[in-house]
Amino acid sequence: MLTIAGRKFRSRLFGGTGKFASPEVMREALAASGCEMVTVALRRVDLGNPADDIMRVLDRERYLFLPNTSGARDAQEAIRLAHLAQASGGGEWLKLEVTPDPRTLLPDPVETLKATEILVREGFKVLPYINADPILALRLQDAGAAAVMPLGSPIGTNQGILTRFQIAIIIEQARVPVVVDAGLGAPSHAAEAMEMGADAVLVNTAIAVAGDPIRMARAFAMAVEAGRTAYEAGLGTVRRDAAASSPEEGLGFLR
Amino acid sequence: MFTVPEFTALQTAIARVREEDVLSALRGDRIGIQGLAALLSPLAEPHLPAMAARAAFLTEQRFGRTIQMYAPVYLSSYCANRCAYCGFSADNTIDRRVLTFAEAEAEAMILHQRGFQHLLLVSGEAPAKVGVDYLEEIARRLRDRFAALSIEVQPLATGEYARLFRAGITSVAVYQETYDREVYKQVHLAGRKADFDHRLDTPARAAAAGMREVGIGALLGLADWRAEGLALGLHLAWLRKHFWRTGLTVSFPRMRPAEGEFKPLKPVAERNLSQMIFALRIFDPDVGLYLSTREEARYRDGMIGLGPTRYSAGSCTAPGGYGLADAGGEQFEVGDSRSLAEVSAAIQAKGFDPVRKDWDAVFQAKGVRQEAA
């Protein structure tokens, strides 16, 4: 079972709360996904207010809330948001997002590392959102990150895993769970990440803007399970030349 | 510094567009300034449904099924400029007033009670009445009660924008009105605003000061809207390149024939406005697009999901218009007078979420001293 910072998760699919047509659709989609961890943007929700349009439809017993610092441009802002999350009952879990370019929302590696170092010292369980940079992933683990969340492709693009080569290295070297986040546009992308050995995936846009978000959430849940099962079962190696299914085939003349 | 080509050169670029340019812009991913010219051209008009579909796809991909809600607070109707088209022009004999701090707070809190979290603070351009000190004080009084505060006031200096940013202002809107220098001269008769280049450089100053978001726009009805659209695209692209940390938005204030004594020099039809919105969305999938209550309810409802990402509701364009018995004269008459609840219901009916809060005051540092404490 997946364990992050001492907490166990049955589902390896994490959800988000952005871009849905309504809070009700969001609630149903999250339920259909079977996820147990949901990220919420601190800019969007008022964590301490039970009447908040998102907070009022989500069951805090059912989901671990992972507040995120979406919108932060540097370490200082992200840290301030983390303090806000904690003060309003968000706990110590934090998805750290430092995205100074509002267009691509790509994460700033320097500020992310800086903020991680400080927040870990303060006792936060930090899950940093990063570009798929293996060295940065190692540096963040050294700094005490509870997991690393490399992107498959820029957020919201539905492009799938364009960073496959680097993600494979990150997974190979990881001492903490690797959660592939951003860019997963289809269940097959999620399955691909899981087959590669990712510990979990986070999917938001692809579910939120699907024609039927609830059915799409179910589709992602199945894909994540299929991908994980395949990984655990041991996938055959991909090879260029044809491999005989019986080892001695074609060599019957040998004595 | 951003320099805009001669307006006639922009018009020529659009006139040179061929049918195949339009088709390739409709197929392309990053259409560039040539593609924008193509989509603004008359040859693109038969493709309006395809443009709408492409714009809707990009808007949903980038912004999801959401529309951000905001409301303006008019602080003052005093203005030192003489602009031929504006209700606040210094020439006009309207009842003028500037809100006291307490009055401004009261107006803002009425909107707060109605459910607004994003406010746009608007004033005429009279620095003696509404200067940086005044705006700074208002921002300090409101910052912790709202998710985000924007301003649409006279152009300021970089240092002044930085002061307002520290006081809690998150974004600045400043419209060029027209990118046609000749028309600009013709309608801006007197005042600081008569300086075309100073105004053109204002969005860059706001961005340089660290503002989260900068909004540009052209007042539609003054000059050829197609060339205005192309100039807006050039301005956007330049700002993106030079201030990559700054979020950008475009507004489409359209003069209505019925409004005031000033008749639009170049009327812009709903079809034209739609084409302009679709073209800019396709050109820049990430730009925030405003569609204010200047437009009628029917049109605003129709445009939900097709490009615009910010809607106002229940707006009043007179200082004190929400709560004061003796409100001043208004800047213009709104086309959509529905309440926040009514506009929200229309947005929900289209399958979109009217988002009231998508920022937080905590993003803005409260000044160095408090930060160190």
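Sequence lines set the chain letters: A, B, ... in the order given, protein chains first and strands last, and positions in each chain run from 1.
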Look only at the side chain of [X] and the backbone of [Y], and say whether a donor-acceptor pair between them is shorter than 3.5 Å.
X: B:R54; Y: B:F278; result: no
X: B:D353; Y: B:V355; result: no
X: B:R310; Y: B:G288; result: no
X: A:S153; Y: A:I161; result: no
X: A:T163; Y: A:L151; result: yes
X: B:R205; Y: B:A208; result: no
X: B:S339; Y: B:E342; result: yes

When heavy-atom pairs shorter than 4.5 Å are enumerated against chain A, which of [options] gives the highest number?
options: B:R212, B:E213, B:Q117; result: B:R212
options: B:P285, B:G210, B:A147, B:P354; result: B:G210
options: B:F243, B:F352, B:W359; result: B:W359

Charged N to carboxylate O below 4.0 Å: is that the case for A:R43 and B:D360?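 Looking at A:R43 and B:D360, the cut-off is not met.
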
Plane angle bin for B:F2 and B:H235 - parallel if under 30°, tilted between 30 and 60°, otherwise perpendicular: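 Rings of B:H235 and B:F2: parallel, under 30°.
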
Contact origin within B:Q348 toward chain A - heavy atom pairs under 4.5 Å: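 For B:Q348, there is no contact with chain A at all, as no heavy atom is under 4.5 Å.
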
So for [X], is it side chain, backbone, both, or neither that comes closer than 4.5 Å to the heavy atoms of chain B?
X: A:T104; result: neither
X: A:L105; result: side chain
X: A:S70; result: backbone
X: A:A210; result: backbone

Any donor-acceptor pair under 3.5 Å linking the side-chain atoms of A:H189 with those of A:Q159?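 No donor-acceptor contact under 3.5 Å links the two side chains.
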
Closest-packed option against chain B by number of heavy-atom pairs under 4.5 Å, given A:A206, A:A208, A:P100: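 The answer is A:P100.
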
Which one, A:G185, A:A72, A:A41, A:A78, leads in non-hydrogen pairs under 4.5 Å with chain B?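 Going by pairs under 4.5 Å, I would pick A:A72.
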
How about residues 11-33 of chain A versus chain B: which residues have heavy atoms under 4.5 Å apart?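 Listed by number: A:K19, A:F20, A:A21, A:S22, A:P23.
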
Verify whether the ring centers belonging to B:F146 and B:H112 lie closer than 6.0 Å.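 Between B:H112 and B:F146, which both carry aromatic rings, the centre distance is below 6.0 Å.
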
